[in-house]
Protein chains: 2
Amino acid sequence: MKTITIYDIAEEANVSVSTVSRVLNDTAPVKASTREKILKAIEKHQFQPNALARSLLKKETGTIAMILPDITNPFFPEVFWGAENVARSKGYTFFLCNTAGDYSRESEYLSILREKRVDGIIFLGGRINLSNCPPELSQEVIEMAMRVPIVLVNGNLPKSGLHRIYTDEAEGATIATQHLIDLGHRDIGFIGGLDYTSTTLVKVKAIKKKLKEYGIDLKKEWIQSGEFSVQGGRDLMNKMLNQVRRPSAVLCVNDFTAIGAIKAAFEHGLRIPEDISIVGFDDSPLSTAVIPELTTISQNTNQLGELAVEMLDQIINGNNPKKQIVLKPYLVMRQSTGPFKKI
Amino acid sequence: MKTITIYDIAEEANVSVSTVSRVLNDTAPVKASTREKILKAIEKHQFQPNALARSLLKKETGTIAMILPDITNPFFPEVFWGAENVARSKGYTFFLCNTAGDYSRESEYLSILREKRVDGIIFLGGRINLSNCPPELSQEVIEMAMRVPIVLVNGNLPKSGLHRIYTDEAEGATIATQHLIDLGHRDIGFIGGLDYTSTTLVKVKAIKKKLKEYGIDLKKEWIQSGEFSVQGGRDLMNKMLNQVRRPSAVLCVNDFTAIGAIKAAFEHGLRIPEDISIVGFDDSPLSTAVIPELTTISQNTNQLGELAVEMLDQIINGNNPKKQIVLKPYLVMRQSTGPFKKI
DNA sequence: TTGAAAGCGCTAACAG
DNA sequence: CTGTTAGCGCTTTCAA
């Protein structure tokens with residue numbers, strides 16, 4: 001099937017291609033009768049202009065990309081959902097690049113996206129969540145950002161000066177800790193997260209600080225780092241509970257690990273929250289899917305995506321948005337935390 | 001920053017653009033020394049060819065799209081994960097189009113994707129999951145498929161002759177029913193799913209058939225249709241349990257509703273599986289996140305995505321793959337089902 | 001209000 | 001092995 005072009009339409013309507021282009025883009029007045037003829041020809045052939053040709057000329061593609069580590073982790077679809085909604089309203093289509101946390105895949109995608117001339121990139125997880133990102137990896141993104149607008153979500157590249165938007169995770173951890181303290185807990189543990197990711201370190205630090213205010217120590221044996229997954233949380237919680245002294249409450253790096261922790265607690269015959277309190281982080285849909293429902297820290301996941309696109313769009317349009325947006329997390333109290341009781 | 005082109009490289013290296021193109025694509029032998037010069041120039045300027053220009057010429061973009069209703073439903077990220085993996089290995093990048101189940105958004109995306117000249121489209125949910133798809137909606141997809149390869153996943157458009165790949169949901173429902181029967185259950189109910197979606201109807205039909213083999217009737221009051229969500233499952237299960245006669249086991253349209261059902265059962269003071277058995281569908285990651293872990297039907301979600309891309313790639317390359325691939329689901333026994341006990 | 005023509009950046013004959 | 005050249009399909013001056 002011969003693909004039909006603007007020339008075919010022009011011929012059919014007895015006009016020049018420029019006129020066709022004009023009605024296509026409504027870019028200059030066209031006599032009503034000619035417009036009719038053209039529209040008719042377009043309709044007849046089901047003509048759709050070739051966006052590639054247009055983009056080549058206009059140097060914009062109406063396409064943005066989201067690079068993220070794991071679309072299977074419910075946190076990311078939530079961000080995507082928000083992002084996609086506002087992107088669509090602004091006329092962008094989304095590339096989704098799943099990297100499985102593999103830095104070389106991030107690089108690969110970065111390169112492909114530049115070739116495809118995306119208008120902008122939203123970057124989540126992976127290298128930007130490293131507490132100590134190797135200079136080459138960091139440099140690559142920074143150089144990229146000189147050519148195509150980039151927004152970092154919930155991450156950072158030191159001294160990069162890149163635009164970013166993130167949840168104040170320290171604040172979130174602080175709130176969660178305060179919540180447990182208010183409930184009377186003093187023996188508090190922390191579970192999950194790779195100990196070289198900033199998302200983990202930031203939280204641990206904030207928890208320590210808050211506890212110190214109350215003269216409480218975060219015991220080393222009660223900090224367990226590992227996978228971000230359900231199974232990870234379970235394993236870590238098992239380690240935690242196999243110790244002679246157990247905490248009466250546990251903060252988790254995300255909802256996944258919190259759920260793992262709940263499972264482990266059950267397996268140890270503990271009741272939640274009567275015997276042990278557990279707090280998640282993210283307020284992903286998961287948190288209401290478990291029993292007991294998870295007390296967790298919400299980070300406005302949809303909004304994170306929405307604002308990221310908003311910001312990206314600003315950069316693309318040459319406005320100079322603020323370099324940083326910080327979102328305040330808040331506590332969502334549900335069923336997995338309760339007052340401390342001496343066992 | 002002037003974007004640099006193949007011409008700049010040619011000039012810098014004192015060769016013609018065709019030679020540059022040759023080393024870029026390795027499409028013809030080039031003297032080692034010239035290649036060096038060119039490579040050096042490319043490196044120096046960080047040159048990356050413009051994929052738009054190339055695509056315009058070659059009539060292929062290395063881009064495919066996935067249209068789906070709700071990336072927030074964990075079933076879809078699983079499919080995407082599988083799809084993305086093989087797509088990447090074949091050199092495709094993915095557009096992700098979230099439609100929120102809105103048919104007009106599907107149409108909108110269909111149109112945009114054609115303008116952007118994607119090489120192919122994978123379509124899930126929405127209109128292709130309607131037991132009775134309006135002709136206009138159906139026709140639109142069929143016409144689209146004449147211009148760009150389309151693969152339908154877990155859905156169908158009657159008489160369209162479109163390529164498709166799907167799980168044998170009837171088989172899945174049959175297996176699940178058999179499982180309950182084998183456990184001694186006779187009072188079996190069904191929960192969830194909009195009653196105009198084929199995914200719901202197919203299951204109900206299969207369940208009825210299997211039950212009939214054992215001379216059992218699927219009572220009308222024990223078929224509850226509604227949302228596909230956790231909350232939906234919960235509401236429906238509540239209705240179910242508020243009746244004078246309750247089933248001893250319930251089959252659910254997906255894992256979401258199954259989890260809702262579990263919650264409702266708990267709220268009614270029932271133990272699972274001692275007092276009531278519950279079976280999910282999909283074997284999404286959720287199913288091991290709940291307590292008790294869900295007995296469910298696995299539909300090889302990753303593989304669904306992988307094969308969809310495989311098939312799409314075949315069509316794109318003009319091979320003529322089989323029109324249909326059917327995946328066999330299987331039972332994953334976990335903790336939410338148990339032998340029937342007279343209460 | 002309309003048309004002619006010059007590109008956008010790249011690939012692929014066709015010559016040499 | 002390398003260069004010339006004609007487009008791919010569209011937008012946009014510049015003239016008319």
Side-chain angles (χ1 to χ4, degrees), chain A residues 1-39 41-42 45-63 112-119 147-148, chain B residues 1-39 41-42 45-63 91 112 114-119 147-148:
Chain A
M1 173 189 286
K2 178 187 178 303
T3 78
I4 84 124
T5 77
I6 196 173
Y7 278 92
D8 303 309
I9 302 300
E11 193 174 356
E12 172 113 7
N14 270 310
V15 295
S16 74
V17 288
S18 14
T19 307
V20 177
S21 173
R22 286 186 189 107
V23 346
L24 240 28
N25 302 290
D26 200 33
T27 179
V30 172
K31 210 208 300 178
S33 61
T34 10
R35 154 170 279 118
E36 278 316 307
K37 277 193 302 182
I38 294 174
L39 253 22
I42 289 177
H45 293 290
Q46 302 246 51
F47 168 70
Q48 294 208 259
N50 184 327
L52 296 171
R54 173 188 286 140
S55 298
L56 183 56
L57 208 52
K58 310 243 301 187
K59 284 146 175 13
E60 60 179 52
T61 55
T63 298
I112 291 175
L113 292 174
R114 213 177 105 48
E115 290 196 358
K116 296 211 197 283
R117 298 298 191 262
V118 296
D119 292 338
R147 305 167 171 279
V148 20
Chain B
M1 177 188 284
K2 177 187 179 303
T3 79
I4 82 126
T5 77
I6 196 173
Y7 278 92
D8 303 308
I9 302 299
E11 192 175 355
E12 172 113 8
N14 270 308
V15 295
S16 74
V17 288
S18 23
T19 308
V20 177
S21 174
R22 284 184 190 110
V23 344
L24 240 29
N25 303 290
D26 200 34
T27 179
V30 173
K31 209 208 301 180
S33 62
T34 12
R35 154 170 279 118
E36 278 316 307
K37 277 193 304 184
I38 293 174
L39 253 21
I42 289 178
H45 293 289
Q46 303 248 52
F47 169 70
Q48 294 208 260
N50 184 328
L52 296 171
R54 173 188 286 140
S55 299
L56 183 56
L57 207 53
K58 311 242 303 189
K59 286 146 173 12
E60 59 180 50
T61 55
T63 298
I112 291 176
R114 213 176 103 48
E115 289 196 358
K116 295 211 196 284
R117 299 299 191 261
V118 296
D119 292 338
R147 304 165 172 280
V148 18

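Throughout, protein chains are lettered first and strands after them, A, B, ... in sequence-line order, and every chain is numbered starting at 1. Predicted model only: the values in this text are computed from it and were never measured.
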To the nearest Å, give me how far apart [atom1] ([X]) and [atom2] ([N]) are.
{"X": "Asp8(A)", "N": "dC8(D)", "atom1": "CG", "atom2": "P", "result": "11 Å"}
{"X": "Asn14(A)", "N": "dA4(C)", "atom1": "CG", "atom2": "C1'", "result": "17 Å"}
{"X": "Tyr7(A)", "N": "dG3(C)", "atom1": "OH", "atom2": "P", "result": "13 Å"}
{"X": "Leu52(A)", "N": "dC8(C)", "atom1": "CG", "atom2": "C1'", "result": "12 Å"}
{"X": "Ile6(B)", "N": "dT5(D)", "atom1": "CD1", "atom2": "P", "result": "17 Å"}
{"X": "Ile42(B)", "N": "dC10(C)", "atom1": "CD1", "atom2": "C1'", "result": "13 Å"}
{"X": "Lys58(A)", "N": "dG7(C)", "atom1": "NZ", "atom2": "C1'", "result": "15 Å"}
{"X": "Ile9(B)", "N": "dG3(D)", "atom1": "CD1", "atom2": "C1'", "result": "18 Å"}

[X] side chain, from C-beta outward: closest of [options]:
{"X": "Val17(B)", "options": "dT11(D), dT4(D), dC10(D)", "value": "dT4(D)"}
{"X": "Ser16(A)", "options": "dG3(D), dT11(D), dG3(C)", "value": "dG3(C)"}
{"X": "Val15(B)", "options": "dG9(C), dG3(D), dT5(D)", "value": "dG3(D)"}
{"X": "Thr34(B)", "options": "dT1(C), dT2(D), dT11(D)", "value": "dT2(D)"}
{"X": "Arg54(B)", "options": "dC10(D), dC10(C), dA5(C)", "value": "dC10(C)"}
{"X": "Phe47(A)", "options": "dA4(C), dC10(D), dG7(D)", "value": "dC10(D)"}

When you measure from the side chain of [X] to the backbone of [Y], do you find a donor-acceptor pair of N or O atoms at a distance under 3.5 Å?
{"X": "Lys37(A)", "Y": "Ala13(A)", "value": "yes"}
{"X": "Thr63(B)", "Y": "Thr61(B)", "value": "yes"}
{"X": "Ser55(A)", "Y": "Ala51(A)", "value": "yes"}

Straight-line distance of [X] [atom1] to [Y] [atom2], nearest 0.5 Å:
{"X": "Leu52(A)", "Y": "Leu57(B)", "atom1": "CG", "atom2": "CG", "result": "11.0 Å"}
{"X": "Ile38(B)", "Y": "Glu12(B)", "atom1": "CD1", "atom2": "CD", "result": "11.5 Å"}
{"X": "Gln46(B)", "Y": "Arg147(A)", "atom1": "CD", "atom2": "CZ", "result": "5.5 Å"}

Using the rule side-chain contact (heavy atoms from CB on, under 4.5 Å), only one of Val23(B), Asn25(B), Val30(B) pairs with Thr27(B); which is it?
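Going through the options one by one, the only one that passes is Asn25(B).
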
Apply the test side chain to side chain contact (heavy atoms under 4.5 Å, CB included) to residues Asp26(A) and Arg35(A): give CA-CA distance (whole Å), side-chain angles for both, the deciding distance (0.1 Å), then the verdict.
CA-CA 10 Å; Asp26(A) 200 33; Arg35(A) 154 170 279 118; 3.5 Å; yes

Would you call Leu24(B) and Phe47(B) a side-chain contact if the rule is heavy atoms closer than 4.5 Å?
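Yes, close enough: below the 4.5 Å cut-off.
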
Please check the phosphate of [N] (OP1 and OP2 only) for any side-chain N or O of [X] closer than 4.0 Å.
{"X": "Lys59(B)", "N": "dT11(C)", "result": "no"}
{"X": "Ser55(A)", "N": "dC8(C)", "result": "no"}
{"X": "Thr5(A)", "N": "dG9(D)", "result": "no"}

Upstream residue (5' side of DNA chain D) when Leu57(B) and Arg117(B) are each assigned their closest nucleotide:
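Looking at DNA chain D, the more 5' nearest nucleotide goes with Leu57(B).
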
Contact nearer the 5' end of DNA chain C, comparing Ala32(A) with Ser18(A)
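That would be Ala32(A).
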
With a 4.0 Å heavy-atom cut-off, tell me which residues in residues 19-31 of chain A come close to DNA chain D, sorted by residue number.
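Listed by number, they are Ser21(A), Arg22(A), Asn25(A).
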
Could you walk me through whether Asn50(B) and Glu115(A) pass the side chain to side chain contact (heavy atoms under 4.5 Å, CB included) test, one step at a time?
CA-CA 5 Å; Asn50(B) 184 328; Glu115(A) 290 196 358; over 6 Å; no

To the nearest 10 degrees, what angle separates the axes at the start and end of the helix from dT1(C)-dA16(D) to dG16(C)-dC1(D), five pairs each?
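End-to-end axis angle: 40°.
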
